[in-house]
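None of these values were measured; they are calculated from a predicted model.
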Amino acid sequence: MNVLLVDDSRLARAELRRLLEAFPDVVVAGEARNADEARAQLAAQRPDLLLLDIHMPGETGFELLASLEAAPPVVFTTAYDAHALRAFDVNALDYLLKPVQEARLAAALNKVRAQLLPESPRVTSLPAPAVPAPTLLTGQDQVFVKDGERCWFVRLAEVRLFEINGSYTQIYFDQHRPLIPRTLAQLEARLDPKVFFRANRQQIINLNFVAGVEPWFSHSLRLTLRGGAEVVEVSRQQSVRFRELLSL
């Protein structure tokens, strides 16, 4: 995997080089201090991956990408978390906060390998980070989630339940349950209705996680979700839709 490092900080580039030495299949093909140098390196090296800073003299990392007709997979490396949502808009594979952690870099490289070589083995020499979480949902299959000081990247397919919790919405994936400042109505408008189902006023479920269905009071249904201990009661009106949807 040939990697191009784009960062105006010499120390930041040196640190990335040091971290990448832990991965024998990764080669640093070149470095660039700004967008102009990056364009020249991209044309000359044709790298497999772009490790890209956002704030640089002259053009930003986003402006660089906008100027390219085609770009390799991109992983942003930045000291700021405020641009994570915009990173998804340009199809970035990951978003690493400085100082970059080895485990997070390993996870990002695995995402690149999965895209370039779906059958390639994953690196296991470094521990994988806890499964990421979501924040704002975009139209893509991956979301960024920030809850306090913790941040995650999560595939929507891994989210089994959205549930109202006060003025926030709680997201359930693996053993994580972060809160985000969004309403169910806002989330529902962005979710695939073939996958995510509004069970009642408080909850939206991922249909792929339904492990059991049983009749409940007044012709309603009660669902058990795999991957957690959640039991969801489907409202009477939505139970009719659920039966039609799954042809029960």
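Nearest heavy-atom pair, Val195 versus Asn206, reported as atom, atom and distance to 0.1 Å: CG1-OD1, 3.3 Å. Among all heavy-atom pairs drawn from Gln238 and Arg241, the shortest one is NE2-NH1, 3.0 Å. Considering all non-hydrogen atoms of both residues, Leu49 and Pro72 come closest at N-CB, 4.1 Å. When all heavy atoms of Gly61 and Leu52 are compared, the pair lying nearest together is O-CD2, 3.6 Å. Contact record, Ala32 with Ala38: CB-N, 3.5 Å, taken as the closest heavy-atom pair. Here the shortest heavy-atom pairing between Leu221 and Pro215 reads CD2-CA, 4.2 Å.
Applying the ring-ring contact (aromatic ring centres under 6.0 Å, His included) definition to pairs two or more places apart or across chains, none involves residues 211-232. Screening residues 204-223 for salt bridge (charged side-chain N to carboxylate O under 4.0 Å, His left out) gives Glu214-Arg222 as the qualifying pairs, with residues at least two apart or on separate chains. Applying the ring-ring contact (aromatic ring centres under 6.0 Å, His included) test to every pair with at least one member in residues 179-212, sequence neighbours left out, gives these pairs: Phe162-Phe196, Phe197-Phe242.
Once rounded to the nearest 0.5 Å, the distance linking CG of Leu225 with CG of Asn208 reads 11.0 Å. Atoms CG and CG, on Asp25 and Leu109 in that order, are 7.5 Å from each other to the nearest 0.5 Å. Separation of atoms CD1 (Ile171) and CG (Leu161) is listed at 10.0 Å; rounding is to 0.5 Å. In this structure, Gln186 CD and Thr169 OG1 are separated by 8.0 Å, a value rounded to the nearest 0.5 Å. Taking CG of Asp53 as the reference point, atom CG of Leu96 lies at 11.5 Å (rounded to 0.5 Å). Note: Leu105 CG to Asp94 CG = 9.5 Å, rounded to the nearest 0.5 Å.
Residues forming a side-chain hydrogen bond (donor to acceptor under 3.5 Å, both in side chains) with Asp48 (at least two apart in sequence, or on another chain): none. Residues passing the side-chain hydrogen bond (donor to acceptor under 3.5 Å, both in side chains) test with Arg17, sequence neighbours excluded: Glu31. Arg236 is linked by a salt bridge (Lys or Arg N to Asp or Glu O under 4.0 Å) to nothing, counting only residues two or more places apart in sequence or in another chain. When the side-chain hydrogen bond (donor to acceptor under 3.5 Å, both in side chains) test is applied to Glu59, the partners found at least two apart in sequence or on another chain are Arg39. Applying the side-chain hydrogen bond (donor to acceptor under 3.5 Å, both in side chains) test to Gln101 and every residue at least two apart in sequence or in another chain returns nothing. Contacts of Arg18 classified as side-chain contact (heavy atoms from CB on, under 4.5 Å), with partners at least two apart in sequence or in another chain: Glu15, Glu102. Considering only residues two or more places apart in sequence or on other chains, Arg33 meets the side-chain contact (heavy atoms from CB on, under 4.5 Å) condition with Arg13, Glu37. Listed by chain and residue number, Glu244 satisfy the side-chain contact (heavy atoms from CB on, under 4.5 Å) test with Val240 (two or more places apart in sequence, or in another chain).
Remark: the backbone N or O of Ala157 is not paired with any side-chain donor or acceptor of Arg155 at under 3.5 angstrom. With hydrogens and angles disregarded, a donor-acceptor distance shorter than 3.5 Å links the side chain of Ser239 to the backbone of Val234. Between the side chain of Gln45 and the backbone N or O of Leu42 there is no donor-acceptor pair closer than 3.5 Å. At distances below 3.5 Å, not a single donor-acceptor pair connects side-chain atoms of Gln170 with backbone N or O atoms of Leu179. A donor-acceptor distance shorter than 3.5 angstrom exists from the side chain of Asp192 to the backbone of Lys194, with no hydrogens or angles considered.
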TODO: Applying side chain to side chain contact (heavy atoms under 4.5 Å, CB included), run through Phe76 and Leu65 and close with a yes or a no.
DONE: CA-CA 11 Å; Phe76 282 107; Leu65 293 180; 3.7 Å; yes

Open item on the list: Using side chain to side chain contact (heavy atoms under 4.5 Å, CB included), reason through Tyr95 and Ile54 one step at a time and then give a plain yes or no.
Closed with: CA-CA 10 Å; Tyr95 188 97; Ile54 293 178; 4.0 Å; yes

Open item on the list: Using the rule given for side chain to side chain contact (heavy atoms under 4.5 Å, CB included), can you reason through Leu20 versus Leu51, listing the C-alpha separation, both sets of side-chain angles and the distance that settles it, and then say yes or no?
Closed with: CA-CA 11 Å; Leu20 290 170; Leu51 289 180; 4.1 Å; yes

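The side chain to side chain donor-acceptor pair (under 3.5 Å) test with Tyr172 is passed by exactly one of Glu230, Glu163, Arg160: Glu163.
Annotation: side chain of Leu207 is in contact with side chain of Leu245 (closest heavy-atom distance under 4.5 Å).
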Contacts table for residues 1-11: side-chain donor-acceptor under 3.5 angstrom, sequence neighbours left out:
residue	atom	partner	partner atom	Å
Asp7	OD1	Ser9	N	2.8
Asp7	OD2	Lys98	NZ	2.6
Ser9	OG	Leu11	N	3.4
Ser9	OG	Ala12	N	3.1

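In terms of hydrophobic clustering, with Ile, Leu, Val, Met, Phe, Trp and Tyr side chains grouped at heavy-atom distances under 4.5 Å, Val231 and Ile205 are assigned to different clusters.
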